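Just so we're on the same page: letters track the sequence lines, and every chain starts at 1. Predicted model, so just to flag it, every value in this text is computed and none were measured.
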There are 2 protein chains.
Amino acid sequence: MVTIADVAEEAGVSISTVSYVMSGKRTISPETRKRVERAITTLGFSPHAGARSLASRSTNVIGLQIPLRSGVDVHVVMEIVTGLVARARTHGYDILLLTSDDLRGMERAARGSMVDALLLMDVESDDPRIGVLAQLPQPSLLIGLPEGRRAVPCVDFDFEEAGWLAVDRLRALGHRRLALIGSPEEVMERHTSYADRLARGFLAACAAAGVDGSVHACPPGAEAGALVDEVLAHDADVSGFLVHNESALPHVFARLVDLGKHTTGKPAVVALCPDDVALSVPAPIDSIAVPAEALGEAAAEVICDMIAGGTPAGVRLIAPTLTVRTTPATAK
Amino acid sequence: MVTIADVAEEAGVSISTVSYVMSGKRTISPETRKRVERAITTLGFSPHAGARSLASRSTNVIGLQIPLRSGVDVHVVMEIVTGLVARARTHGYDILLLTSDDLRGMERAARGSMVDALLLMDVESDDPRIGVLAQLPQPSLLIGLPEGRRAVPCVDFDFEEAGWLAVDRLRALGHRRLALIGSPEEVMERHTSYADRLARGFLAACAAAGVDGSVHACPPGAEAGALVDEVLAHDADVSGFLVHNESALPHVFARLVDLGKHTTGKPAVVALCPDDVALSVPAPIDSIAVPAEALGEAAAEVICDMIAGGTPAGVRLIAPTLTVRTTPATAK
DNA sequence: GTGAAAGCGCTAACAT
DNA sequence: ATGTTAGCGCTTTCAC
């Protein structure tokens, strides 16, 4: 293994000079800098991360708890992670993978100085991890928005507003009895932050508009078709659907077409999902995009800022936007 | 921050005793052990990972390159990662997330002693990363099976054999003209290892059985329906389909039902996908399970073994198994 | 503009 | 069965 001492010798300078060339923390004459840089590439030197973190008390690693639980939307998770990793790298940070069921893992990582900060996904409305985070010496950030006190900064998509937006659109399409086809039961039951907030926004918007609205947990995959039947069995006049369940979307849509509930002239669905998912449905549908990759990027920016000691982060919510792809006969 | 010296003082022993209590590398009297352990929990001590890696020359971290490229099956990726992380943790290893497009990232991690080993997913038949891996001081493992020399050990599902198995089944169902509906174009084009091997096994099996077989790249989502039409336009007698494209599966299946190509009495499809995906199709279909989680676990076992200096790993392929869910009228 | 040297918190000889 | 101590490879005062 090649060390900083080897580089120093090769370049004919002292160890500290090499260190300062790398960090840029003091002015170096152009010639020395050149010599050192040549020595570094000649020898193929990479500083030992452990030694560095020991001396500098920082790791350039961010711990990320990703949800490996059932019911989560893997597609969205992957996109968030994609954006996150890419953006973190541009700030010089690597990502240490932690799993969301492992409360002790994140403590271990933090207390063992393996990470400079912690990032949590798949946050629940009343998440037990938040208390732990607040005790940790490193800064932390949630991708999600729990209820109650905000002991920890948050970044998320504004699911609550998305509920309002969807109801607006469904009303404009002429629907007066609406249903939210949402996340699977287990996600709802553990009060995953986004599921709670979407339902809240949806129901509040329905109430405000004086239309009828109901919320339904929905299993992923083909069984979603049966749920549509169930909803209609309970109230045959339900005609507008907000679908927030990626793998159920094609099945819900197909069932609504079969039942004649959705036609080109009278669209019945607004989907909440990444754009490519909305486009994979056999016919055009309106959708509110979940900007997953941008969300990951935003989270990376905020956490890097926090590590750098930037301004207190607070709450940041990305606003939803509706994309209209249908041209209903009855739309004015 | 609490250090090993604090613990030693609290317990009234020397620093090395504390270290040896933690590592178990020498015999400690029960009383001292107890005292040290109490001191550790009292003070909430976690050893500094950087200091540890500096002194011990090992990090207890495995670098994992996950594919964040288009066309990959996120569902399968997540399952592999799930199995991998869980199993690695039981061996005391954490996972550093690297991305598969970042060739330099993995070198950086390895040369900077950030990881004890490297694990690569989404391997291509002639993968440029392999040459780099072989030069690195740390051991590495591929999840995949490239062609040519095996400079690096490999673990994977036996996609080639899966091709044979599927052809067996489709022939038993009475089909004589077969089509493989496979990965998206971009995955095929970069000669992703699994896509290549599945196609090879499928075509070899067709040739061996004297039946007609063709391979088709397939876009994810709804456009898959159109591909079915295209295949049949080219040869209307194609009747047996092996589908290896998770998000296309429901659409391919629906199209085949619409066209009357698939009936309960005469099943037309064998799917290659995780079991839950196969079960989410509206009707029972035969499938070959991709044991993604088990694959991740196997990879974790092998790499931990390699780090521990275990026996040279070579190639390990998990055998496919067919699950029959259909009871065709014509089956004997 | 550059060097010398004192740590950072551990592990693992080498002691006894 | 336990203590002493020399590093591990870097960053960062201090000194010039």
Side-chain angles (χ1 to χ4, degrees), chain A residues 1-37 39-40 43-61 92 108-116 137-138, chain B residues 1-37 39-40 43-61 92 108-116 137-138:
Chain A
M1 173 189 207
V2 30
T3 75
I4 195 172
D6 300 329
V7 176
E9 187 175 352
E10 169 84 17
V13 298
S14 75
I15 285 181
S16 58
T17 297
V18 176
S19 177
Y20 283 118
V21 165
M22 301 198 311
S23 71
K25 287 189 180 171
R26 84 180 175 193
T27 45
I28 304 281
S29 76
E31 314 98 71
T32 346
R33 145 156 292 122
K34 198 137 294 176
R35 284 223 310 289
V36 170
E37 279 165 350
I40 287 178
L43 301 179
F45 168 67
S46 318
H48 187 289
R52 203 166 227 189
S53 88
L54 182 55
S56 71
R57 324 192 123 271
S58 86
T59 62
N60 280 290
V61 173
R108 203 174 36 80
R111 300 221 178 276
S113 298
M114 305 180 72
V115 298
D116 289 344
Q138 292 92 340
Chain B
M1 173 188 206
V2 31
T3 74
I4 196 172
D6 300 328
V7 175
E9 187 175 351
E10 169 84 14
V13 298
S14 76
I15 285 183
S16 59
T17 298
V18 177
S19 177
Y20 283 118
V21 165
M22 302 197 314
S23 70
K25 288 189 181 172
R26 84 179 175 193
T27 45
I28 304 282
S29 77
E31 314 98 71
T32 20
R33 146 157 288 123
K34 198 137 293 176
R35 285 222 310 291
V36 170
E37 279 165 352
I40 288 178
L43 300 179
F45 168 67
S46 314
H48 187 290
R52 205 167 225 190
S53 88
L54 181 55
S56 70
R57 324 191 122 270
S58 86
T59 62
N60 280 291
V61 173
R108 205 174 35 81
R111 300 222 178 275
S113 298
M114 306 180 71
V115 298
D116 290 343
Q138 292 92 340

Give a yes or no on whether a donor-acceptor pair under 3.5 Å exists between the nucleobase atoms of C:dG1, that is its base, and the side chain of A:R35.
no
Stepwise side-chain contact (heavy atoms from CB on, under 4.5 Å) check, B:N60 with B:R52:
CA-CA 10 Å; B:N60 280 291; B:R52 205 167 225 190; 5.6 Å; no
Test: A:R35 and A:E31 ion pair at under 4.0 Å:
no
Please evaluate the base of D:dT4 for a donor-acceptor partner in the side chain of B:S16 within a cut-off of under 3.5 Å?
yes
In this structure, how many angstroms lie between the P atom of D:dT11 and the CD1 atom of A:I28, rounded?
13 Å
With a 4.0 Å limit, can you tell me whether B:S19 has a side-chain N or O closer than that to the phosphate oxygens OP1/OP2 of C:dC10?
no
Between A:T32 and C:dT2, is there a contact of a side-chain N or O with OP1 or OP2 at under 4.0 Å?
yes
When you measure only distances, ignoring hydrogens and angles, does the side chain of B:R111 come within 3.5 Å of the base of D:dG9 through a donor and an acceptor?
no
Looking at B:S29, I'd like to know whether one of its side-chain N or O atoms comes within less than 4.0 Å of OP1 or OP2 on D:dT2.
yes
5' precedence on DNA chain C between B:R52 and A:Y20 (nearest-nucleotide basis):
A:Y20
Tell me whether the OP1 or OP2 atom of D:dT12 has a side-chain N or O from A:K25 closer than 4.0 Å.
yes
At less than 4.0 Å, is any side-chain N or O atom of A:S14 found next to OP1 or OP2 of C:dA4? Yes or no.
no
Hey, which sits more toward the 5' end of DNA chain D by its nearest nucleotide, A:R26 or B:P30?
B:P30
Rounded distance (Å) that lies between atom P of D:dG3 and atom CD1 of B:I15
11 Å
